[in-house]
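Note sheet for the following structure.
Heavy atoms only: backbone and side chains are in, while hydrogens, waters and symmetry mates are out. Numbers restart at 1 for each chain; the letters A, B, ... are given by sequence-line order, proteins then strands.
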Number of protein chains: 2
Amino acid sequence: MGEEGVNGLTLSEVARRLGVQPPSLYKYVDSLMALYDQLFRRGMQAHLEVMRVAMEQAGTGLDALNAGLDASGRWCLANGPIAQLMFWRPVPRFEPSADAMAPSVEMVAIQRRALADAVALGQLGPKADSEQALYVVSVFIAGVFGQALANEPDLPWGTGRFTPLLPKLMDVLPALYPPSSTKKK
Amino acid sequence: MGEEGVNGLTLSEVARRLGVQPPSLYKYVDSLMALYDQLFRRGMQAHLEVMRVAMEQAGTGLDALNAGLDASGRWCLANGPIAQLMFWRPVPRFEPSADAMAPSVEMVAIQRRALADAVALGQLGPKADSEQALYVVSVFIAGVFGQALANEPDLPWGTGRFTPLLPKLMDVLPALYPPSSTKKK
DNA sequence: GTCTATATTATGATAGAC
DNA sequence: GTCTATCATAATATAGAC
């Protein structure tokens with residue numbers, strides 16, 4: 001997928017690199033689309049786990065959210081093609097199964113919780129406890145990750161022109177959702 | 001490209017839809033990659049023109065920048081697959097020619113100029129007259145456009161969950177690059 | 001400027017031997 | 001669990017007739 005594009009994956013090439021004949025693969029996978037589904041499922045699971053651990057270690061509220069996005073960005077950049085498969089859907093006739101999508105639902109939930117915590121802590125105004133705020137955060141991460149992957153895919157997270165911008169962008173969240181009082185965490 | 005993904009374009013399918021045999025196409029185009037280059041070049045040209053007109057009509061500084069990004073977003077969403085070809089590079093062995101890239105260079109220049117104007121007008125602080133500020137803006141547009149195209153590709157610009165966020169994000173630019181004095185445009 | 005015919009290469013998938 | 005053989009399909013591209 002890295003060499004030929006995400007939808008350049010073929011069972012023939014997989015077989016070639018495994019030193020095996022193509023029909024042998026059908027003992028392990030039902031079809032090419034089933035293989036994509038496996039890659040999608042495992043990717044979603046690994047990504048969720050990485051994010052969850054980072055957020056739990058960081059605490060609550062904005063700290064957790066920032067740590068989670070940082071971990072997410074690192075994982076996505078380190079797993080470029082899988083992340084593209086997960087978040088950009090570049091394979092026309094591939095629809096992930098409900099099973100494969102499950103971790104994604106959970107991921108949204110923990111981010112939503114972090115936003116609610118940030119509001120409870122007075123880090124953000126009440127409007128940040130919303131779907132819209134979640135979309136804003138998703139735009140930040142999608143923008144940074146997308147630009148990094150398209151323009152400097154080989155640079156590690158935290159270097160280059162784009163990935164260092166994510167913390168700066170997260171710092172303006174309070175400008176978008178100003179806390180009413182001035183109490184700090 | 002819309003139906004099969006950007007790199008699902010084939011000369012055979014083009015011929016099929018033109019009601020023509022595949023070899024006939026070689027009178028008009030040297031190769032599949034040359035066809036991609038034409039699509040890229042014309043797309044870049046049209047996109048630049050749309051942006052330039054919108055910015056000139058809107059005035060200078062942040063007004064021009066906002067109008068340009070709005071026009072850009074509309075164009076990209078209305079020309080999804082071409083925009084993907086232009087900004088995401090989803091075709092592995094395709095490298096746009098220098099000729100095809102030329103409008104892109106000009107596009108960066110006019111955005112840079114709008115940022116400099118915004119600083120001169122006191123709308124943004126001096127640090128906004130920088131490459132970094134350009135990257136921030138590109139992250140905004142890439143994030144919004146990417147999320148819109150991936151999640152709600154058929155909704156027009158200005159509707160849905162993501163594209164209405166772009167003006168709100170542009171509104172926080174002064175929080176990222178605060179003007180030193182408080183003079184307004 | 002269009003066509004037929006063809007070369008070359010590749011794919012996903014199945015049947016069935018071992 | 002791996003293989004060979006095969007089916008059906010598709011792609012880019014060229015040669016050369018008309």
Pairwise side-chain hydrogen bond (donor to acceptor under 3.5 Å, both in side chains) hits with a residue in [range], at least two apart:
range	result
residues 101-111 of chain A	A:Arg52-A:Glu106
residues 66-75 of chain B	B:His47-B:Ser72, B:Asp70-B:Arg74, B:Asp70-B:Trp157
residues 129-145 of chain B	A:Gln147-B:Ser138, B:Arg112-B:Asp129, B:Arg112-B:Glu131, B:Gln132-B:Tyr177
residues 160-172 of chain B	B:Glu152-B:Arg161

Side-chain H-bond candidate by donor/acceptor type, A:Arg42 with A:Gln45, under 3.5 Å: no
Return the set of residues passing side-chain hydrogen bond (donor to acceptor under 3.5 Å, both in side chains) with [X] (not counting sequence neighbours), or none when no residue passes.
X	value
B:Glu95	none
B:Ser97	B:Asp37
A:Glu4	B:Arg93

Nucleotide interval of DNA chain C bounded by contacts with chain B (heavy-atom cut-off, under 4.0 Å):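 Extent of the interface on DNA chain C: C:dG1 to C:dA5.
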Aromatic plane relationship, A:Phe140 with B:Phe140 - under 30° parallel, 30 to 60° tilted, over 60° perpendicular: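 Parallel, since the angle between the ring planes stays under 30°.
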Note, B:Leu85 side chain near B:Leu9 side chain (heavy atom, < 4.5 Å): no
DNA chain D-proximal residues of residues 33-43 of chain B, any heavy atom under 4.0 Å: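 Residues of residues 33-43 of chain B that come under 4.0 Å of DNA chain D do not exist, since none gets that close.
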DNA chain D-proximal residues of residues 3-15 of chain B, any heavy atom under 4.0 Å: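 Only B:Thr10, B:Leu11, B:Ser12 qualify.
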All side chain to side chain contact (heavy atoms under 4.5 Å, CB included) counterparts of A:Val108, not counting sequence neighbours: A:Leu134
Nucleotide D:dT12, atom C1' - distance to CZ of B:Arg16 in whole Å: 13 Å
Check ion pair B:Glu3-B:Arg17 (N to O, under 4.0 angstrom): yes
Contact residues, residues 19-30 of chain B to DNA chain C [heavy atom, < 4.0 Å]: B:Val20, B:Gln21, B:Pro23, B:Ser24, B:Lys27, B:Tyr28
